[in-house]
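Accompanying notes for the structure given below.
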Amino acid sequence: MSIKLIKKVLLLLVISFIISSFPAPSSEAIPVTRKGSVLISKQDHQKIKKKLTMSQLIRKYPGTIKTRGPRVKSIALTFDDVPDPRFTPQLLDVLRRYHVKATFFVVGSRAKKHPDLVARIVREGHAIGNHSYSHPQFRKLRMKGFRNQIIRTENIIQNLAGYKPKMIRPPYGEITEEQVKWAKSKGYILINWNVDSQDWKGLSKEEVRNNILSSVGKGAIILQHGGGGEGSHLEGSIQALPEVITYMKQRGYTFVTVPQLLHVPKSIAN
């Protein structure tokens, strides 16, 4: 046997020994890439796979998550992120002028700053829902933080409106299954929408009107905003509202609150 061949055999033996000295990978470890390669357990991997999308949650919990009402000629206007002294009074003026009742989803921190506007919403016959205390993404909150967002706002609304709202609208329309289960167990209903005005983008009157009228129909729940962050522009939404109301009324539609549309009470049982 030549010296070169002997060296090759020895080298192969050394490599084989080094490889055999490493433990075999566990069947319980699954590689997942996220900001670098890490190992997670099979159990954790299954939990990640089990996270449902909002569409899946809507299908799984049809009695708890609502995006529209019965297919009758009734429509519910809804306004998020209220109260806001820049926009909410203007919306209320339009609704009063056209004799329309709507649903306002209240942010707790804003209600504390502007209790008079919440009082006006109630006084003029509109329904109120819970839109969290500080408008976080619910999917990023632990259960304790999520419950605190709901209950803290609920208590503020009860002091101002006289009742605890049954309706919750998750900020950004997103929520986890665990949070849905908690809401269901407490008797809440989660209200999303099936018509999006996209007014938060600062769109013109024509754009907002077209976004609504191109999608609206029987039992629609329409998303608009009555408040926003610094630099928000909702003038287009406010200006579009009279035209939307007039157009739909001419076609035989009536405007109702979400509790009226869904035939549910506005308040949660104590």
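What you see below is based on every heavy atom in this structure, not just the backbone, and it leaves out hydrogens, waters and symmetry mates. Owing to the predicted nature of the structure, the values given are computational and were not obtained by experimental measurement.
Residues Leu234 and Val244 are members of one and the same hydrophobic cluster, defined by side-chain heavy-atom contacts under 4.5 angstrom among Ile, Leu, Val, Met, Phe, Trp and Tyr. Cluster membership check: Leu190 does not share its hydrophobic cluster with Ile221, using side-chain heavy-atom separations under 4.5 Å among Ile, Leu, Val, Met, Phe, Trp and Tyr. Hydrophobic clustering (side-chain heavy atoms under 4.5 Å, transitive across Ile, Leu, Val, Met, Phe, Trp, Tyr) groups Phe79 together with Ile121. Leu203 and Leu223 end up in different hydrophobic clusters when Ile, Leu, Val, Met, Phe, Trp and Tyr side chains are linked at under 4.5 Å. In this structure, Ile222 is not a member of the same hydrophobic cluster as Ile58, with clusters built from ILVMFWY side-chain heavy atoms closer than 4.5 Å.
The closest donor-acceptor contact from the side chain of Gln149 to the backbone of Ser134 lies under 3.5 Å. Between the Arg152 side chain and the Ser109 main chain, no donor and acceptor come within less than 3.5 Å of each other. Side-chain N or O atoms of Asp84 include none that pairs as donor or acceptor with a backbone N or O of Gly226 at under 3.5 Å. Under a 3.5 Å cut-off, the side chain of Lys166 and the backbone N or O of Ile189 do not form any donor-acceptor pair. With Lys73 contributing its side chain and Arg251 its backbone, the two residues share a donor-acceptor pair below 3.5 Å. Between the Lys266 side chain and the Gln260 main chain, no donor and acceptor come within less than 3.5 Å of each other. Judged by distance alone, with hydrogens and angles left aside, the side-chain atoms of Arg86 form a donor-acceptor pair with the main-chain N or O of Gly228 at under 3.5 Å. Remark: the backbone N or O of Gly173 is paired with a side-chain donor or acceptor of Asn192 at under 3.5 angstrom. The main-chain N or O of Lys184 is never found under 3.5 Å from a side-chain atom of Thr64 such that the two would form a donor-acceptor pair. Of the possible polar contacts, one joining the Gln179 side chain to the Phe138 backbone as a donor-acceptor pair under 3.5 Å is found.
Counted within 6.0 Å of CZ on Arg71, heavy atoms from surrounding residues, nucleotides or ligands total 12 or fewer; the atom is thus considered open. Enclosure of atom OH in Tyr172 by more than 12 non-hydrogen atoms of other residues, nucleotides or ligands within 6.0 angstrom is indicated. Heavy-atom neighbours of Glu178 CD from other residues, nucleotides or ligands within 6.0 Å: at or below the threshold of 12. Around CH2 of Trp193, the count of heavy atoms belonging to other residues, nucleotides or ligands within 6.0 Å exceeds 12. The environment of NE2 in His135 is crowded: more than 12 heavy-atom neighbours from other residues, nucleotides or ligands sit within 6.0 Å.
Across all their heavy atoms, Gly227 and Val82 have their closest contact at N-CG1, 4.4 Å. The two residues Val94 and Leu241 make their nearest non-hydrogen contact at CG1-CD2, 3.7 Å. The two atoms that bring Val106 and Pro83 nearest to each other are CG1-CD, 4.3 Å, heavy atoms only. Residues Phe255 and Lys249 come closest through the heavy atom pair CE1-CG, 4.0 Å. Closest heavy-atom contact between Val195 and Ser215: CG2-O, 3.7 Å. Listed here is the closest heavy atom pair of Asn194 and Ala220: OD1-CA, 3.5 Å.
Results of the side chain to side chain contact (heavy atoms under 4.5 Å, CB included) test with Lys164 over Asn155, Ile157, Ile150 single out Asn155 as the only residue that passes. Applying ring pair (Phe, Tyr, Trp, His ring centres under 6.0 Å) to Phe146 and the options Tyr188, Trp182, Tyr133 leaves one that passes, Trp182. Of the candidates Leu92, Leu117, Val118, Leu92 is the only one forming a side chain to side chain contact (heavy atoms under 4.5 Å, CB included) with Phe104. When Gln224, Arg169, His131, His225 are each tested for a side chain to side chain donor-acceptor pair (under 3.5 Å) with Thr78, only one passes: Arg169.
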Would you check, one step at a time, whether the test side-chain contact (heavy atoms from CB on, under 4.5 Å) holds for Leu141 with Asn148? CA-CA 10 Å; Leu141 298 182; Asn148 182 62; over 6 Å; no
Please walk me through it: do Lys218 and Val72 pass side-chain contact (heavy atoms from CB on, under 4.5 Å)? CA-CA 5 Å; Lys218 294 179 178 179; Val72 296; 5.7 Å; no
Start with the C-alpha gap between Leu160 and Val122, add the side-chain angles, then the distance that decides, and say whether side-chain contact (heavy atoms from CB on, under 4.5 Å) holds. CA-CA 9 Å; Leu160 298 174; Val122 175; over 6 Å; no
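The NZ atom of Lys201 lies 13.5 Å from the OG atom of Ser237; values are rounded to the nearest 0.5 Å. Distance check: Lys112 NZ to Asn159 CG gives 11.0 Å after rounding to the nearest 0.5 Å. Interatomic distance, CZ of Arg59 versus CD1 of Ile65, reported as 11.0 Å (0.5 Å rounding). Here the CD atom belonging to Gln90 is positioned 12.0 Å from the CG atom belonging to Leu95, to the nearest 0.5 angstrom. Expressed to the nearest 0.5 Å, how far CG of Asp199 lies from OG of Ser204 amounts to 11.5 Å. Here His99 contributes atom NE2 and Ile245 contributes atom CD1; the two are 10.5 Å apart, rounded to the nearest 0.5 Å.
For the pair Leu57/Glu177, a side-chain contact is recorded, criterion being any heavy-atom separation below 4.5 Å from C-beta on. No side-chain heavy atom of Lys186 sits under 4.5 Å from any side-chain heavy atom of Ile268. Side-chain atoms of Ile191 and Leu262, non-hydrogen and from C-beta on, do get closer than 4.5 Å to each other. Inter-residue side-chain proximity for Pro115 and Ile156 is flagged as unmet; no heavy-atom pair is nearer than 4.5 Å.
With respect to Asp93 and Arg120, a salt bridge is recorded, a charged nitrogen being found less than 4.0 Å from a carboxylate O. Ion pairing between Lys205 and Glu243 holds under the 4.0 Å rule for side-chain N and carboxylate O.
Side chains of Thr254 and Ser74: a donor-acceptor N/O pair is present below 3.5 angstrom, by distance only.
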